[in-house]
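I have placed the structure first, in the form of structure tokens, so that the comments after it can refer back to it.
The structure displayed is predicted, hence computed values, not measured ones. Sequence positions, counted from 1, serve as the residue numbers for this chain.
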Amino acid sequence: MPVNQITAGQKGWLNTLNANSALISKLPVDGRVYVDNVGTFANGASASDIACTYAQFNGFKVVNLYIINLTVPTGAFGKKILSLADNIKPTNPVAFVANQASFIDTPNADSLNDLYFWTTANSDQKFINTSFTYIRSDN
């Protein structure tokens, strides 16, 4: 695409925004929120840090949960390792990679607060640093 077309498009978009300030208010962002009391570990799992940040929009949140130095003992494999607080639990089932041999998910659609740990490893899983982003509907 020629540069003059790109530049013309930018000017057109800026003119549209300037002419229609109501357009900007249709995506109200209340700001980023930091939460460090996100839930309770279970079945011997622990982490040195767990927190989330989210951006609040009209009726939903975009949530980023991160876990630093997660340790999951072999006795917790295939079991719940964390129960999330109601205000940040996912609206739909989620799954994400924990490390090269493991993943974490919400296998029960009726209890989306509960994160379960699954792995092909046969020893305690330690020093896992992971994060994931998901949508939380407020409706």
Side-chain angles (χ1 to χ4, degrees):
M1 175 179 284
V3 172
N4 63 349
Q5 279 186 321
I6 295 170
T7 304
Q10 288 175 336
K11 289 178 184 173
W13 179 244
L14 182 58
N15 290 336
T16 301
L17 288 176
N18 286 335
N20 187 0
S21 61
L23 180 64
I24 296 170
S25 66
K26 290 187 181 192
L27 284 175
V29 178
D30 297 334
R32 183 186 69 91
V33 177
Y34 173 82
V35 180
D36 63 358
N37 187 10
V38 299
T40 305
F41 282 103
N43 292 310
S46 63
S48 64
D49 190 17
I50 179 170
C52 82
T53 58
Y54 65 83
Q56 179 74 53
F57 291 88
N58 234 353
F60 69 96
K61 297 175 179 118
V62 176
V63 180
N64 178 260
L65 176 73
Y66 66 88
I67 305 170
I68 305 298
N69 289 325
L70 174 66
T71 297
V72 182
T74 55
F77 294 175
K79 296 179 182 174
K80 177 174 64 174
I81 61 162
L82 180 65
S83 288
L84 294 174
D86 283 339
N87 66 327
I88 63 161
K89 74 177 182 180
T91 303
N92 296 300
V94 298
F96 60 101
V97 172
N99 63 18
Q100 64 274 17
S102 312
F103 71 95
I104 298 170
D105 73 350
T106 54
N108 184 351
D110 295 326
S111 182
L112 295 171
N113 297 66
D114 296 336
L115 298 178
Y116 283 68
F117 187 84
W118 306 94
T119 188
T120 57
N122 55 14
S123 61
D124 291 356
Q125 296 297 287
K126 298 180 179 181
F127 311 114
I128 298 171
N129 297 322
T130 189
S131 71
F132 70 108
T133 302
Y134 58 93
I135 301 293
R136 162 79 184 138
S137 174
D138 292 334
N139 298 330

Q: Look up atom OG1 in Thr106 and atom CG in Leu112, then write down how far apart they are to the nearest 0.5 Å.
A: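 Atom-to-atom, Thr106:OG1 and Leu112:CG are 5.0 Å apart.
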
Q.
Return the CG to OH distance between Asn87 and Tyr54, rounded to the nearest 0.5 Å.
A.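 The OH atom of Tyr54 is 6.0 Å from CG of Asn87, to the nearest 0.5 Å.
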
Q: Answer yes or no: is there a side-chain heavy-atom contact under 4.5 Å between Val33 and Thr53?
A: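 Side-chain contact under 4.5 Å: no.
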
Q: Decide yes or no for Phe41 and Ile50: does some side-chain heavy atom of the first lie under 4.5 Å from some side-chain heavy atom of the second?
A: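 In contact.
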
Run the side-chain donor-acceptor check on residues 89-98: report pairs under 3.5 Å with partners two or more places apart or on a different chain.
residue	atom	partner	partner atom	Å
Thr91	OG1	Ser137	N	2.5

With a cut-off of 3.5 Å and sequence neighbours excluded, list every side-chain donor-acceptor pair involving residues 65-83.
residue	atom	partner	partner atom	Å
Asn69	ND2	Ser48	OG	3.2
Lys79	NZ	Gly75	O	3.1
Ser83	OG	Asp114	OD1	2.8

Q. Does any pair with a residue in residues 38-50 pass salt bridge (charged side-chain N to carboxylate O under 4.0 Å, His left out), and if so which ones, sequence neighbours excluded?
A.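 Qualifying pairs: none.
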
Q.
Give me each pair satisfying salt bridge (charged side-chain N to carboxylate O under 4.0 Å, His left out) with a member in residues 122-131, each pair once, sequence neighbours excluded.
A.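 Residue pairs with at least one partner in residues 122-131: there are none.
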
**Q.** Residues which pass side-chain hydrogen bond (donor to acceptor under 3.5 Å, both in side chains) with Asp86, listed by chain and number, not counting sequence neighbours
**A.**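 Checked Asp86 against side-chain hydrogen bond (donor to acceptor under 3.5 Å, both in side chains); matches are Asn113.
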
(Q) My understanding is that only residues two or more places apart in sequence, or in another chain, count here; which of them pass side-chain hydrogen bond (donor to acceptor under 3.5 Å, both in side chains) with Asp105? (A)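 So Asp105 forms a side-chain hydrogen bond (donor to acceptor under 3.5 Å, both in side chains) with Trp118.
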
(Q) So, using side chain to side chain contact (heavy atoms under 4.5 Å, CB included) as the criterion, who are the partners of Asp36 when residues are at least two apart? (A)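 If we apply the side chain to side chain contact (heavy atoms under 4.5 Å, CB included) test to Asp36, skipping adjacent residues, the hits are Tyr34, Ala51.
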
Q. Can you name the residues that form a salt bridge (Lys or Arg N to Asp or Glu O under 4.0 Å) with Asp138, not counting sequence neighbours?
A.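 Listed in chain order: Lys61.
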
**Q.** Any pair counted as side chain to side chain donor-acceptor pair (under 3.5 Å), so long as it reaches residues 127-136, sequence neighbours left out
**A.**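 Every pair satisfying side chain to side chain donor-acceptor pair (under 3.5 Å) with a residue in residues 127-136: Asn64-Thr133.
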
Q. For Phe127, which fellow cluster members are found when Ile, Leu, Val, Met, Phe, Trp and Tyr are connected by side-chain heavy-atom distances below 4.5 angstrom, either directly or through intermediates?
A.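 Noted: Phe127 shares its cluster with no other residue.
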
**Q.** Exercise: identify the closest heavy-atom pair between Cys52 and Val38
**A.**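 The answer is N-CG1, 3.8 Å.
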
